[in-house]
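Structure record follows, encoded as structure tokens.
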Amino acid sequence: MKKLVLSILGLLFISTSVMAQEVNIFSARHYDSDVQLYKKFTAKTGIKVNIVSGKDKALQKRIKEEGKDCKGDLYITADAGRLGAFQSQGMFQKGASSAGIKKVVPANFRSAYWTGIAKRARVIYYNPKTVNPSWNMTYEDLADPKYKGRVVIRQSNNVYNQSLVASLIKNNGAKNTETWAKGLVSNFARKAKGNDRAQILAVAAGEADWAVANTYYIALMLSGKKGPEQQAAAKKVKPFFPNQDGRGTHMNISGGGILKHAPNKANAIKLLEFLLTPEAQKHIVNNTFEYSMIDGVEPNKLISQFGLGFKQDLKTKVSSYGKLQAKALKIMTEAGWN
Ligand SMILES: [Fe+2]
């Protein structure tokens with residue numbers, strides 16, 4: 001009996017001292033592969049990773065409501081617009097650009113409050129049997145009346161679209177973007193609906209010639225993970241990287257920021273730095289089909305087959321997306337983009 005009590009006390013002691021080494025993640029990324037990555041981090045560092053996963057709105061609400069009592073250290077999500085908007089509400093603290101992070105993440109993909117951990121490109125899809133984009137086709141061209149009734153894109157409430165439109169405002173100004181949005185809406189093949197994959201499917205089915213969606217979705221469909229029908233449809237469609245003659249293709253990020261009341265800030269920085277190692281980046285690109293945030297890690301073959309040498313927009317800071325998100329949504333809804 002005495003022995004048992006002693007060993008329980010011993011276990012309690014060990015577990016409380018281990019518990020001190022932890023990091024709490026609030027994640028809106030819905031990938032099982034992220035969890036595997038956190039396990040690798042724990043194996044390497046001994047730092048336990050606790051994950052609260054959920055949808056962005058719910059997580060953000062919880063973080064705000066809990067205030068100082070929030071145990072979250074890191075908020076991880078997709079889209080720079082989301083990170084930027086949350087930052088503007090004062091929910092992050094500085095620290096996400098440690099020397100280690102600055103060294104590997106280009107300046108346009110991070111701020112003092114958050115950093116990208118993977119890149120995504122939002123591109124144009126087409127059916128090569130029916131249309132052929134000219135090499136210098138742009139997002140701006142999608143508003144050209146010659147594409148009347150031939151374009152599909154998801155709704156204006158989608159944050160990826162809001163970030164894309166924010167980048168247009170940043171580069172072309174609000175007035176030009178208003179005109180563009182009206183032109184685009186009048187080219188819609190149908191009311192905006194569905195997710196990114198639904199746009200690719202619409203092109204495969206001949207409902208439209210042009211769609212806008214992120215690159216990783218076609219890889220996901222081609223991988224067979226979304227079933228044989230979507231796999232077959234994806235084979236009929238090709239991604240096109242727009243704006244090659246100008247600023248480059250619109251880039252966005254998955255990223256993470258250190259929460260204002262983070263109890264384990266140092267561990268949160270360590271985790272971000274780990275996510276940016278070649279080992280972790282390889283794991284990410286091969287599971288989510290995003291692009292690596294750091295140099296020297298090639299995308300998965302399902303993505304690299306479409307070309308590696310495309311020009312990315314490295315000029316437009318992704319931190320501008322959050323700042324212009326509300327303006328973007330206003331322009332979109334006023335143009336009749338449902
Ligand atoms: Fe997505």
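For the numbers below, each heavy atom of this structure counts, side chains included, while hydrogens, waters and symmetry mates do not. Residue numbers run from 1 in the order of the sequence given. Every value quoted in this text rests on a predicted model; they were computed, and no experiment measured them.
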Inset, instruction - Evaluate the criterion salt bridge (charged side-chain N to carboxylate O under 4.0 Å, His left out) for residue pair Glu178 and Lys175; output intermediate values, then yes/no. - result: CA-CA 5 Å; Glu178 275 172 37; Lys175 265 268 159 291; 3.5 Å; yes

Inset, instruction - I would like to know whether Val318 and Asn108 meet side chain to side chain contact (heavy atoms under 4.5 Å, CB included); could you show each step before the answer? - result: CA-CA 6 Å; Val318 301; Asn108 50 316; 5.7 Å; no

Inset, instruction - Begin from the C-alpha positions of Glu66 and Lys61 and carry the test salt bridge (charged side-chain N to carboxylate O under 4.0 Å, His left out) through to its verdict. - result: CA-CA 9 Å; Glu66 290 183 357; Lys61 187 167 175 264; over 6 Å; no

Inset, instruction - Apply side-chain hydrogen bond (donor to acceptor under 3.5 Å, both in side chains) to Glu279 and Thr277, showing your working. - result: CA-CA 5 Å; Glu279 179 197 4; Thr277 59; 4.7 Å; no

Inset, instruction - Could you walk me through whether Val35 and Ile51 pass side chain to side chain contact (heavy atoms under 4.5 Å, CB included), step by step? - result: CA-CA 8 Å; Val35 179; Ile51 310 158; 4.1 Å; yes

Legend entry - Intermediate values then yes/no, side-chain hydrogen bond (donor to acceptor under 3.5 Å, both in side chains), Arg29 and Ser254: CA-CA 8 Å; Arg29 267 167 67 95; Ser254 284; 2.6 Å; yes

Inset, instruction - Applying side chain to side chain contact (heavy atoms under 4.5 Å, CB included), run through Gln230 and Arg197 and close with a yes or a no. - result: CA-CA 9 Å; Gln230 293 204 9; Arg197 279 180 288 114; 3.2 Å; yes

Inset, instruction - Quick one: do Lys193 and Arg154 satisfy side chain to side chain contact (heavy atoms under 4.5 Å, CB included)? Show the steps, please. - result: CA-CA 5 Å; Lys193 64 171 183 182; Arg154 67 200 282 182; over 6 Å; no

Inset, instruction - Start with the C-alpha distance between Lys119 and Gln312, add both sets of side-chain angles, then the distance that settles side-chain hydrogen bond (donor to acceptor under 3.5 Å, both in side chains), and finish with yes or no. - result: CA-CA 10 Å; Lys119 283 189 286 195; Gln312 304 180 4; 3.0 Å; yes

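The backbone N or O of Ser33 sits less than 3.5 Å from a side-chain atom of His283, completing a donor-acceptor pair. With Glu65 contributing its side chain and Arg62 its backbone, the two residues share no donor-acceptor pair below 3.5 Å. Side-chain N or O atoms of Thr77 include none that pairs as donor or acceptor with a backbone N or O of Ala28 at under 3.5 Å. Checked by atom type and distance alone, the side chain of Asn158 pairs as donor or acceptor with a backbone atom of Asn161 at under 3.5 Å. When atom types are taken as modelled, the side chain of Glu298 and the backbone of Ser304 share no donor-acceptor pair closer than 3.5 angstrom. Under the 3.5 Å distance criterion, the side-chain polar atoms of Asn300 are left unmatched by any main-chain donor or acceptor of Ile303. When atom types are taken as modelled, the side chain of Ser320 and the backbone of Thr316 share no donor-acceptor pair closer than 3.5 angstrom. Without hydrogens or angle criteria, Lys311 side chain to Gly246 main chain gives a donor-acceptor distance under 3.5 Å. In this structure, the side chain of Asp73 engages the main chain of Asn264 through a donor-acceptor pair within 3.5 Å. Remark: side-chain polar atoms of Glu290 are not paired, donor with acceptor, to backbone N or O of Ile253 under 3.5 angstrom.
For Arg190 and Glu207, the salt-bridge test passes: some basic side-chain N is under 4.0 Å from an acidic carboxylate O. Electrostatic pairing of Lys146 and Asp141 does not count as a salt bridge here, judged by no charged N lying under 4.0 Å from a carboxylate O. Using a 4.0 Å cut-off between charged nitrogen and carboxylate oxygen, Arg82 and Asp56 count as a salt-bridge pair. Classification of Arg247 and Glu140 as a salt-bridged pair holds, one side-chain N sitting under 4.0 Å from a carboxylate O. No salt bridge links Glu273 with Lys270; every basic N to acidic carboxylate O contact stays at or beyond 4.0 Å.
The aromatic rings of Tyr160 and Tyr217 are tilted relative to each other, their planes meeting at an angle between 30° and 60°. Between Phe188 and Trp337, the angle of the ring planes goes over 60°, which puts this pair in the perpendicular group of the 30/60° scheme. Between Phe41 and Phe274, the two ring planes are tilted [angle within 30° to 60°].
Side chains of Asn243 and Thr138: no donor on one and acceptor on the other come within 3.5 Å. Between Asn214 and Arg122, the side chains place a donor N or O and an acceptor N or O closer than 3.5 Å (distance only, hydrogens not considered). Gln325 and Ser163 share no side-chain donor-acceptor pair at under 3.5 Å. With no hydrogens or angles considered, no side-chain donor-acceptor pair links Arg120 and Tyr291 at under 3.5 Å. Donor-acceptor pairing under 3.5 Å is lacking for the side chains of Thr179 and Asn176. Side-chain N/O atoms of Lys191 and Gln155 include no donor and acceptor closer than 3.5 Å. For the 3.5 Å distance criterion, the side chains of Trp180 and Thr177 fail to qualify, holding no donor opposite an acceptor. Remark: the Gln93 side chain and the Lys265 side chain contain an N/O donor-acceptor pair separated by less than 3.5 Å. When only modelled atom types and interatomic distance are considered, Asn338 and Ser156 share no side-chain donor-acceptor pair under 3.5 Å. Side chains of Gln60 and Tyr75: a donor-acceptor N/O pair is present below 3.5 angstrom, by distance only. If you check the side chains of Glu22 and Asn267, you find no donor sitting under 3.5 Å from an acceptor.
Note that the CG atom of Asn50 and the NZ atom of Lys71 stand 11.5 Å from one another [nearest 0.5 Å]. One distance of note links CG of Leu275 with CG of Asp34; it measures 8.0 Å at 0.5 Å rounding. Taking CG of Leu259 as the start and CZ of Phe92 as the end, the distance is 6.0 Å to the nearest 0.5 Å. Taking CD1 of Ile153 as the reference point, atom CG of Asp196 lies at 8.5 Å (rounded to 0.5 Å). Once rounded to the nearest 0.5 Å, the distance linking OH of Tyr31 with CG of Leu37 reads 13.0 Å. Note: Ile101 CD1 to Ile269 CD1 = 6.5 Å, rounded to the nearest 0.5 Å.
Follow the hydrophobic side-chain contacts under 4.5 Å out from Val165 and you reach Tyr147 in the same cluster. Under the 4.5 Å side-chain heavy-atom criterion for ILVMFWY residues, no single connected hydrophobic cluster contains both Val212 and Val203. Under the 4.5 Å side-chain heavy-atom criterion for ILVMFWY residues, no single connected hydrophobic cluster contains both Phe241 and Leu168. Placement of Phe289 and Ile124 in two distinct hydrophobic clusters is found when ILVMFWY residues are connected by side-chain heavy-atom separations under 4.5 Å, directly or transitively.
Between Ala121 and Thr249, the closest heavy-atom pair is CB-CG2, 4.1 Å. For the residue pair Trp114 and Gly257, the shortest heavy atom distance occurs at CB-CA, 3.7 Å. Of all non-hydrogen atoms in Leu142 and Val151, the two that sit nearest each other are O-CG2, 4.1 Å. When all heavy atoms of Tyr125 and Thr215 are compared, the closest pair comes out as OH-CA, 3.2 Å. For the pair Gly194 and Gln199, the tightest heavy-atom approach, listed with the atom from each and the gap, is O-NE2, 3.4 Å. In terms of heavy atoms, Val285 sits closest to Ser292 at CG1-N, 3.4 Å.
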